[in-house]
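This report concerns only the one structure given below.
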Amino acid sequence: MKPKHQRLVLLVIAVAALIGAGLLAAWALRNQASYFYVPSDIVAEPPAPDKAVRLGGMVQVGSIKTADDGVTVHFVVSDGKVTVPVVYAGIVPDLFVEGSGVVAEGKMGTDGTFVASNLLAKHDENYMPRELDDMTDAQARATVSETSE
């Protein structure tokens with residue numbers, strides 16, 4: 001076999017190996033994708049009760065209720081069109097407040113309530129450190145310029 005043909009065969013084998021590795025990685029990660037469903041998706045096509053999913057949306061204002069045990073929290077997640085009731089037993093994140101974004105990891109209950117095993121609270125893009133919150137704009141700018149020098 002000529003050297004030119006040997007290089008061509010090696011190139012074909014290398015490309016086939018790369019495609020095979022990519023397909024193998026995609027197949028292995030098929031259930032690991034971290035997408036979340038919005039309430040409209042959950043209501044339109046509810047996932048199987050045993051399937052772990054993520055539900056993302058905004059915590060509806062006035063919906064957070066803490067049970068008598070002090071650990072279980074009931075709230076409603078909304079996407080502006082549809083709402084989904086959620087129950088979570090555990091310590092909620094500091095940023096978890098009414099009107100803020102939340103991603104709840106868990107499973108859909110048979111009664112239509114989402115049973116969360118983990119909460120991820122999201123803050124908005126207008127984040128302000130607590131130290132700068134009580135300052136005037138001029139004081140905050142001065143502090144930021146001092147720390148960045």
Side-chain angles (χ1 to χ4, degrees), residues 8-145 147-148:
L8 183 61
V9 168
L10 286 175
L11 180 66
V12 168
I13 290 173
V15 168
L18 284 174
I19 290 173
L23 290 174
L24 182 63
W27 181 77
L29 296 174
R30 71 188 181 285
N31 290 330
Q32 300 298 322
S34 295
Y35 300 113
F36 63 83
Y37 295 93
V38 293
S40 297
D41 295 340
I42 292 278
V43 170
E45 292 183 35
D50 60 337
K51 183 180 179 188
V53 295
R54 288 182 171 187
L55 170 67
M58 301 298 286
V59 178
Q60 192 170 22
V61 176
S63 70
I64 298 177
K65 308 275 189 274
T66 304
D68 293 336
D69 64 5
V71 177
T72 305
V73 179
H74 298 267
F75 59 97
V76 176
V77 174
S78 173
D79 63 357
K81 302 174 202 158
V82 178
T83 61
V84 173
V86 179
V87 62
Y88 172 69
I91 299 171
V92 296
D94 290 338
L95 294 174
F96 179 76
V97 293
E98 296 174 345
S100 69
V102 67
V103 175
E105 298 175 340
K107 298 178 181 181
M108 197 66 182
T110 55
D111 62 349
T113 301
F114 190 83
V115 181
S117 58
N118 191 20
L119 288 183
L120 305 170
K122 298 168 32 177
H123 66 80
D124 63 2
E125 63 276 355
N126 299 324
Y127 173 74
M128 179 67 69
R130 290 181 186 160
E131 295 81 18
L132 299 178
D133 199 25
D134 297 330
M135 295 182 186
T136 65
D137 287 343
Q139 290 173 326
R141 273 193 285 271
T143 303
V144 168
S145 66
T147 57
S148 61

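A distance-only check finds no donor-acceptor pair linking the side chain of D79 to the backbone of V38 [under 3.5 Å]. Not one N or O on the side chain of S78 forms a donor-acceptor pair closer than 3.5 Å with the backbone of M58.
With rounding to the nearest 0.5 Å, the separation of CG in L23 from CG in L18 is 11.0 Å. In this structure, the separation between CG on L8 and CD1 on I13 is 10.0 Å, given to the nearest 0.5 Å.
Each of V59, L120, I91 was evaluated against F96; a single residue qualifies, V59, per the side-chain contact (heavy atoms from CB on, under 4.5 Å) test.
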Should H74 and V87 be marked as a side chain to side chain contact (heavy atoms under 4.5 Å, CB included) after you check the CA-CA gap, both sets of side-chain angles, and the distance that decides it? CA-CA 5 Å; H74 298 267; V87 62; 3.3 Å; yes
Going through the checks in order, is the side chain to side chain contact (heavy atoms under 4.5 Å, CB included) test met by Y88 and V102? CA-CA 12 Å; Y88 172 69; V102 67; over 6 Å; no
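Taking every heavy atom of both residues into account, S100 and L95 meet most closely at OG-O, 3.6 Å. M108 and F114 get closest at one heavy-atom pair: SD-CD1, 3.8 Å. Shown here for A121 and P93, the closest heavy-atom pair between the two residues is CB-CB, 4.0 Å. Closest approach of P39 and L55 over heavy atoms only: N-CD1, 3.9 Å. The two residues A104 and A116 come nearest to each other via the heavy atoms CB-CB, 4.0 Å. Here the closest heavy-atom approach between residue Q60 and residue S63 is recorded as O-OG, 2.7 Å.
No side-chain heavy atom of F75 sits under 4.5 Å from any side-chain heavy atom of V92.
Within 6.0 Å of the OH atom in Y37, the count of heavy atoms belonging to other residues, nucleotides or ligands does not exceed 12.
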